[in-house]
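Comments concern the structure below.
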Amino acid sequence: MADLGRTVSFAVGLYRGRLDYLYHGYLRRDPMSLLRLRPGRDNPYAIYRGMPRFGPTRIGNWVTTSHHLCNTVLRDRRFGVRAAELTAVPKTADEFDMSFLDKDPPDHTRLRRLAQPAFSPKQMAGYRPRIERTVDDLLDRAAAAGEFDLVPAYAAPLPITVITDLLGVPDADADRFARYGAVIASALDGIHSLSHAARLQSADRDLRALFEGLFELRRREPADDLVSRIVAAEGDRIQSREMVPMCSLLLVAGFETTVNLVGNAVNALLDNPEQWEALCADPAGLAGAAVEETLRYDPPVQRTARCALEDLDLDGHPIRRGQFVVTLIGAANRDPEAFPEPDTFDIGRAQTADHLAFSSGIHYCIGQPLARLEAEIALRRLAERMPRLRRAGPLRRRASGIVRGPIRLPVRTGARALSAHR
Ligand code: HEM
């Protein structure tokens with residue numbers, strides 16, 4: 001009976017929340033509500049342009065589109081992420097534990113330090129040949145087909161292969177880890193329905209069991225991977241209950257973001273044929289710049305937020321303890337005060353400021369060297385091998401306002417797809 005009561009009140013809350021966004025978005029033209037609806041998913045940049053640089057949200061928090069203010073908030077230690085302890089809204093038991101992404105120091109520092117060595121320059125150099133091999137295998141298959149969907153055939157399998165490898169998941173289990181991880185990742189933007197909530201619960205249970213099995217394996221047979229390092233630190237630098245959340249965070253963050261970076265890059269390049277031609281003329285020289293310009297122009301993570309840990313003044317704006325500031329990364333990356341002609345996609349752009357696609361401050365993305373390496377190799381090899389790449393159908397976007405990227409991007413290779421072994 002108690003379960004039924006909880007389910008009913010959860011369902012009522014869910015649908016009331018949805019109606020609230022529809023009402024405030026479409027009828028009151030509230031930009032934060034619109035960002036959660038179709039107009040925000042289709043073109044958030046048009047909405048950002050109509051917003052003030054800093055202003056209140058309708059639920060008593062703050063939001064900023066300014067590059068300077070986003071960067072300041074993300075770096076300022078008077079802000080944190082442990083909102084539940086300061087606000088009237090406690091965390092519910094069924095909310096996912098996002099490990100150190102969701103923690104302030106000292107827990108954040110302790111857990112992040114444990115994962116950090118997996119992303120060292122030496123480790124990255126070790127991943128390069130594996131990434132190149134995976135990319136070429138995927139392109140061989142795509143070239144044979146002639147026409148293919150870039151997301152499931154190219155952008156998605158690459159990060160899944162790499163992150164399961166980094167964690168130490170045996171090849172035979174990689175598909176199951178990826179399947180459950182994708183269900184969990186679908187909750188990043190909130191839970192959409194009761195059946196979604198049920199799928200999440202079951203994926204969470206299954207993923208937990210898979211990780212527990214992997215911990216057992218690596219206790220018996222340690223290897224040179226992140227899970228082996230985590231089990232070796234158990235009880236000393238990491239508590240047993242913190243191990244599954246950390247591995248789930250890395251799994252989900254590892255493949256739900258890079259896929260969108262590659263998808264958004266190819267989409268922007270196909271929209272701007274002169275930029276695609278420039279890349280094809282010098283793939284090795286320009287692939288890195290194309291990745292950086294995509295991260296600025298159309299970042300896969302569009303926003304994050306911080307909670308004030310004390311009453312404070314932010315450039316003349318008084319913020320009370322417990323209030324959030326939503327930092328609109330996608331808007332900050334198009335702030336004309338930081339980037340001249342911000343709506344132009346230009347892979348030859350002179351660097352005038354750091355984009356905030358990987359955030360800033362102590363939560364600066366730990367996986368960014370890997371994401372950059374994967375995307376750089378993926379774009380370079382695509383331009384080298386398929387210089388006549390064209391669209392073959394309409395793009396479809398994922399149904400999320402926070403994580404931005406295509407779920408379908410049909411392309412054709414054109415006549416001159418080159419083999420990996422020229
Ligand atoms: C294009 C790809 C990626 C993008 C755009 C991205 C974006 C971000 C952003 C914006 C944050 C900080 C959120 C905040 O400040 O609240 C973050 C943190 C994080 N990212 Fe990434 N990420 C990417 C790839 C990856 C990869 C490949 C991994 C792991 C293999 C990863 C693991 C993490 C982790 C563990 C954190 C938490 C860091 C902390 O709290 O200290 N990310 N990422």
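Source: prediction; values computed, not measured. Start at 1 and go down the list; that is how both ligands and their atoms are numbered. Count residues from 1 along the sequence.
For R128 and E376, the salt-bridge test passes: some basic side-chain N is under 4.0 Å from an acidic carboxylate O. The existence of a salt bridge linking R296 and E292 is excluded, since no basic side-chain nitrogen approaches an acidic carboxylate oxygen closer than 4.0 Å. Under a 4.0 Å N-O distance rule, the pair E242/K103 does not qualify as a salt bridge. Between R391 and D271 there is a salt bridge, with a side-chain nitrogen of the basic residue lying less than 4.0 Å from a carboxylate oxygen of the acidic one. Salt bridge present: D76 and R78 bring a charged side-chain N and a carboxylate O closer than 4.0 Å. Between R53 and D335 there is a salt bridge, since at least one side-chain N of the basic residue sits less than 4.0 Å from a carboxylate O of the acidic one.
Residue contacts with ligand 1 leave out F255, since none of its heavy atoms falls under 4.0 Å from the ligand.
Side-chain contact annotation: T294 with N264, donor-acceptor N/O pair under 3.5 Å absent. In this structure, a donor-acceptor pair under 3.5 Å is present between the side chains of Y45 and D298.
Residue R112 qualifies as enclosed at atom CZ: its count of foreign heavy atoms under 6.0 Å is above 12.
Of all atoms in ligand 1, listed by their number and element, those nearer than 4.0 Å to a heavy atom of F119 are 29 (C), 30 (C). Residue-ligand proximity, H108 to ligand 1, at heavy-atom distances under 4.0 Å covers atoms 39 (C), 40 (O), 41 (O). Residue contact check: R306 has heavy atoms under 4.0 Å from atoms 14 (C), 15 (O), 16 (O) of ligand 1. Numbered from 1 in the order shown, with element, the atoms of ligand 1 that lie under 4.0 Å from a heavy atom of L249 read 35 (C). The atoms of ligand 1 that sit less than 4.0 Å from any heavy atom of L261 are 1 (C). Set against the non-hydrogen atoms of I362, the atoms of ligand 1 under 4.0 Å away are 41 (O).
Ranking the protein heavy atoms by distance from atom 30 (C) of ligand 1 puts I163 CD1, 3.3 Å first. Distance from atom 16 (O) of ligand 1 to its nearest protein heavy atom, with residue and atom name: T304 OG1, 2.6 Å. Among protein heavy atoms, the minimum distance from atom 40 (O) of ligand 1 is reached at H363 ND1, 2.6 Å. In terms of protein heavy-atom proximity, atom 13 (C) of ligand 1 is nearest to L101 CD1, 3.8 Å.
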For residues 211-219, dump all side-chain donor-acceptor pairs below 3.5 Å to protein atoms at least two apart in sequence or in another chain.
from: E216; atom 1: OE2; to: R219; atom 2: NH1; distance (Å): 2.8
from: R218; atom 1: NE; to: D225; atom 2: OD2; distance (Å): 3.2
from: R218; atom 1: NH1; to: E221; atom 2: O; distance (Å): 3.3
from: R218; atom 1: NH2; to: G168; atom 2: O; distance (Å): 3.1
from: R219; atom 1: NE; to: E234; atom 2: OE1; distance (Å): 3.4
from: R219; atom 1: NH2; to: E234; atom 2: OE1; distance (Å): 2.9

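For F339 and H355, the gap between ring centers reaches or exceeds 6.0 Å.
Under 2.8 Å from atom 21 (Fe) of ligand 1, one finds the following protein N/O/S atoms: C365 SG.
For R112, every heavy-atom contact with ligand 1 shorter than 4.0 Å involves the side chain, none the backbone.
Of the candidates P159, P300, A118, A357, the one placing a heavy atom closest to atom 7 (C) of ligand 1 is A357.
The nearest pair of heavy atoms linking L328 to V63 is CD1-CG2, 3.6 Å.
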